[in-house]
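First up is the structure itself, then whatever we jot down about it.
Computed from a prediction, not measured in an experiment: that's the story for all the values here. One-based numbering along the sequence shown.
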Amino acid sequence: MKRVLVCDDDKDILDIIEYILSDAGWEVIRSEDVTDIIGKIDACTPSVILMDNWIPDIGGIAATRLIKEHPHYRDIPVVYITANSDVKALAEQAGAELHLAKPFDLTALENIVTAAYNLGAAAAL
């Protein structure tokens, strides 16, 4: 099954993402913080990670960098999501493969998660 780890401290955003992606066939794992992000990934082995910029306790940039520095998890695609107008620059700074600005279109959410999944599948070959 396709599994996505969604890291966002906004419960409403988590609810919307879970509803949309579950309906599209994804198993959605939610996290309201990035405390022990590697442990969270160990526990759920996601195919894709959605990472908010402003998330407790170390923030999205530091959490994404930890993922990208990890030898087993660096190839998991990360989609950086934020309401910040510099979402592209923040995603690049973090090392995320893709980015999505909030508020986002629901179809755009599905499309970018699918694109991230395809990136991960290609990297596994």
Side-chain angles (χ1 to χ4, degrees):
M1 172 168 260
K2 300 181 292 185
R3 185 174 298 134
V4 59
L5 172 62
V6 183
C7 301
D8 198 307
D9 60 335
D10 184 326
K11 290 182 174 119
D12 292 334
I13 295 288
L14 287 171
D15 289 344
I16 291 166
I17 291 173
E18 182 173 20
Y19 179 80
I20 296 302
L21 294 181
S22 293
D23 194 49
W26 287 84
E27 179 182 351
V28 179
I29 311 300
R30 299 165 54 135
S31 180
E32 293 179 26
D33 61 55
V34 289
T35 304
D36 189 23
I37 187 64
I38 299 302
K40 292 176 189 303
I41 295 170
D42 283 337
C44 69
T45 59
S47 307
V48 173
I49 299 169
L50 292 180
M51 181 65 68
D52 182 33
N53 185 56
W54 302 106
I55 185 164
D57 63 299
I58 63 171
I61 289 174
T64 301
R65 286 180 178 168
L66 286 171
I67 295 164
K68 294 306 173 183
E69 291 168 0
H70 194 281
H72 297 110
Y73 301 134
R74 66 176 164 233
D75 291 331
I76 297 173
V78 175
V79 178
Y80 210 73
I81 56 175
T82 184
N84 189 303
S85 61
D86 288 335
V87 62
K88 182 178 180 184
L90 290 169
E92 289 172 0
Q93 185 179 355
E97 287 80 2
L98 299 166
H99 60 277
L100 181 64
K102 293 180 187 175
F104 47 79
D105 175 88
L106 302 181
T107 302
L109 172 67
E110 281 187 64
N111 290 343
I112 203 153
V113 172
T114 299
Y117 178 79
N118 291 337
L119 277 175
L125 295 178

* To do: With sequence neighbours excluded, give me every ring pair (Phe, Tyr, Trp, His ring centres under 6.0 Å) pair touching residues 25-52.
  => Trp26-Tyr117
* Asked: What pairs of residues pass the ring pair (Phe, Tyr, Trp, His ring centres under 6.0 Å) test when at least one of them lies in residues 94-113, not counting sequence neighbours?
  -> none
* Answer yes or no: is there an ion pair linking Asp15 with Arg30, defined by an N-O contact shorter than 4.0 Å? => yes
* Less than 4.0 Å between a side-chain N and a carboxylate O, is that true for Glu32 and Lys11? -> yes
Non-hydrogen atoms of [X] and [Y] that approach each other most closely:
{"X": "Ala116", "Y": "Pro77", "answer": "O-CG, 3.0 Å"}
{"X": "Val87", "Y": "Ala101", "answer": "CG1-CB, 4.1 Å"}
{"X": "Thr64", "Y": "Ala96", "answer": "CG2-N, 4.0 Å"}

Rounded to the nearest 0.5 Å, how far does [atom2] of [Y] lie from [atom1] of [X]?
{"X": "Ile17", "Y": "Asp12", "atom1": "CD1", "atom2": "CG", "result": "11.0 Å"}
{"X": "Asp33", "Y": "Asp52", "atom1": "CG", "atom2": "CG", "result": "12.0 Å"}
{"X": "Asp105", "Y": "Ile112", "atom1": "CG", "atom2": "CD1", "result": "11.5 Å"}
{"X": "Lys2", "Y": "Leu21", "atom1": "NZ", "atom2": "CG", "result": "9.0 Å"}
{"X": "Asp8", "Y": "Asn53", "atom1": "CG", "atom2": "CG", "result": "10.0 Å"}

* Side chain to side chain, Leu106 and Ile16, heavy atoms closer than 4.5 Å -> yes
* Evaluate the side-chain proximity of Ile81 to Leu109: yes if any heavy-atom separation is below 4.5 Å, no if none is. => no
* Can Thr107 and Asn111 be said to form a side chain to side chain contact (heavy atoms under 4.5 Å, CB included), step by step? -> CA-CA 6 Å; Thr107 302; Asn111 290 343; 3.6 Å; yes
* Asked: Apart from Leu66 itself, which Ile, Leu, Val, Met, Phe, Trp or Tyr residues share its cluster (side-chain heavy atoms under 4.5 Å, direct or through members)?
  -> Leu5, Ile29, Val34, Ile37, Ile38, Ile41, Ile49, Met51, Ile55, Ile58, Ile61, Ile67, Tyr73, Ile76, Val78, Tyr80, Leu90
* To do: Report the residues that fulfil salt bridge (Lys or Arg N to Asp or Glu O under 4.0 Å) with Glu110, sequence neighbours left out, ordered by chain and then residue number.
  => none
* Results of side chain to side chain donor-acceptor pair (under 3.5 Å) for Asp9 - residues two or more places apart only -> none
* **Single-linkage hydrophobic cluster Val4~Tyr19, side-chain heavy atoms < 4.5 angstrom** => yes
* Which residue pairs pass the side chain to side chain donor-acceptor pair (under 3.5 Å) test with at least one member in residues 81-97, sequence neighbours excluded? -> Lys68-Glu97
